[in-house]
Amino acid sequence: QLQLVESGGGLVQPGGSLRLSCAGSGFTFDDHGVGWFRQAPGKEREGVSSISRYGVTDFASSVKGRFTISRDNAKNTVYLQMNSLKPEDTAVYYCAAGYYAYGLKSSRYGYWGQGTQVTVSS
């Protein structure tokens with residue numbers, strides 16, 4: 001059974017850090033690109049970051065320089081390190097996987113996790 005499970009969300013103060021994890025199972029993880037997307041209340045879902053099967057990364061301009069993404073294929077896991085968090089980063093964060101997928105276009109990703117809440121507030 002194909003599954004993506006996000007973890008690592010929570011409440012953090014502005015300027016703080018969180019590391020999100022996305023663990024995949026039930027498919028050949030190495031052949032898939034993984035993207036992180038987020039959706040804040042009343043807003044459309046937006047692409048945050050992605051990493052292709054070749055390790056090519058992409059970032060939304062709003063997070064560039066603050067977020068990094070990495071993957072550990074041995075653990076079937078992708079990590080999103082989020083630093084210097086701002087209140088506007090508050091959202092539900094979803095990871096998604098797609099066969100040979102890359103970039104921040106959500107239509108390229110066919111498998112989605114359930115999401116993890118990130119709240120940045122003092």
Side-chain angles (χ1 to χ4, degrees):
Q1 181 182 356
L2 190 144
Q3 200 171 16
L4 287 171
V5 179
E6 303 97 335
S7 61
L11 173 64
V12 64
Q13 292 187 343
S17 298
L18 281 175
R19 189 178 78 157
L20 304 184
S21 299
C22 172
S25 60
F27 62 101
T28 308
F29 192 80
D30 298 18
D31 290 342
H32 287 68
V34 175
W36 284 98
F37 298 80
R38 67 186 182 188
Q39 188 165 21
K43 293 189 176 182
E44 291 189 358
R45 183 174 57 191
E46 62 173 346
V48 175
S49 182
S50 67
I51 185 164
S52 75
R53 70 175 298 239
Y54 302 111
V56 177
T57 60
D58 198 2
F59 297 91
S61 58
S62 58
V63 306
K64 203 168 288 186
R66 299 190 296 123
F67 291 10
T68 58
I69 190 170
S70 60
R71 64 188 297 159
D72 185 342
N73 288 338
K75 295 182 178 179
N76 285 2
T77 301
V78 166
Y79 304 99
L80 183 69
Q81 178 67 44
M82 306 187 297
N83 299 327
S84 302
L85 282 161
K86 305 175 181 180
E88 50 263 45
D89 295 317
T90 295
V92 178
Y93 283 70
Y94 300 89
C95 74
Y99 185 65
Y100 278 73
Y102 63 93
L104 301 180
K105 203 167 184 178
S106 61
S107 59
R108 294 177 179 158
Y109 299 86
Y111 312 131
W112 291 78
Q114 294 299 307
T116 185
Q117 176 70 48
V118 171
T119 302
V120 185
S121 175
S122 55

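Note that this is a predicted model, so its numbers are computed, not measured.
- A donor-acceptor pair is defined here as one N or O able to donate and one able to accept, closer than 3.5 Å; such a pair exists between the side chain of E6 and the backbone of C95.
- Within the model, atoms CD of Q39 and CD of E44 stand 8.5 Å from one another, a figure rounded to the nearest 0.5 Å.
- Taking CZ of F59 as the reference point, atom CZ of F67 lies at 9.5 Å (rounded to 0.5 Å).
- V48 and V120 end up in the same hydrophobic cluster when Ile, Leu, Val, Met, Phe, Trp and Tyr side chains are linked at under 4.5 Å.
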Trace of the side chain to side chain contact (heavy atoms under 4.5 Å, CB included) decision for V118 with T90: CA-CA 5 Å; V118 171; T90 295; 5.9 Å; no

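- Put simply, the side chain of R71 never gets that close to the backbone of N76: no donor and acceptor are under 3.5 Å apart.
- Heavy-atom minimum distance, S49 versus L80: CB-CD1, 3.9 Å.
- Here the closest non-hydrogen pair linking R66 and L85 is NH1-CA, 3.8 Å.
- For the pair V78/I51, a side-chain contact is recorded, criterion being any heavy-atom separation below 4.5 Å from C-beta on.
- Minimum heavy-atom separation, Q117 to A91: NE2-O, 3.4 Å.
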Name each donor-acceptor pair under 3.5 Å that joins a side chain in residues 7-33 to protein atoms two or more places apart or in another chain, with its distance.
from : atom 1 : to  : atom 2 : distance (Å)
S17  : OG     : N83 : OD1    : 2.9
D31  : OD1    : R53 : NH2    : 3.3
H32  : ND1    : T28 : O      : 2.8

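- Distance CH2/W36 to CG/D58: 16.0 Å, rounded to 0.5 Å.
- Y93 and I69 end up in the same hydrophobic cluster when Ile, Leu, Val, Met, Phe, Trp and Tyr side chains are linked at under 4.5 Å.
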Please list every donor-acceptor pair under 3.5 Å in which a side-chain atom of residues 104-115 meets a protein atom from a residue at least two apart or in another chain.
from : atom 1 : to   : atom 2 : distance (Å)
R108 : NH1    : Y102 : O      : 2.9
Y109 : OH     : G103 : O      : 2.6
W112 : NE1    : Y109 : O      : 3.1

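- Judged by distance alone, with hydrogens and angles left aside, the side-chain atoms of T77 form a donor-acceptor pair with the main-chain N or O of K75 at under 3.5 Å.
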What verdict does the side chain to side chain contact (heavy atoms under 4.5 Å, CB included) test give for R38 and V63, after you've listed the backbone C-alpha separation in whole Å, the side-chain angles of each residue and the deciding distance to 0.1 Å? CA-CA 12 Å; R38 67 186 182 188; V63 306; 4.0 Å; yes

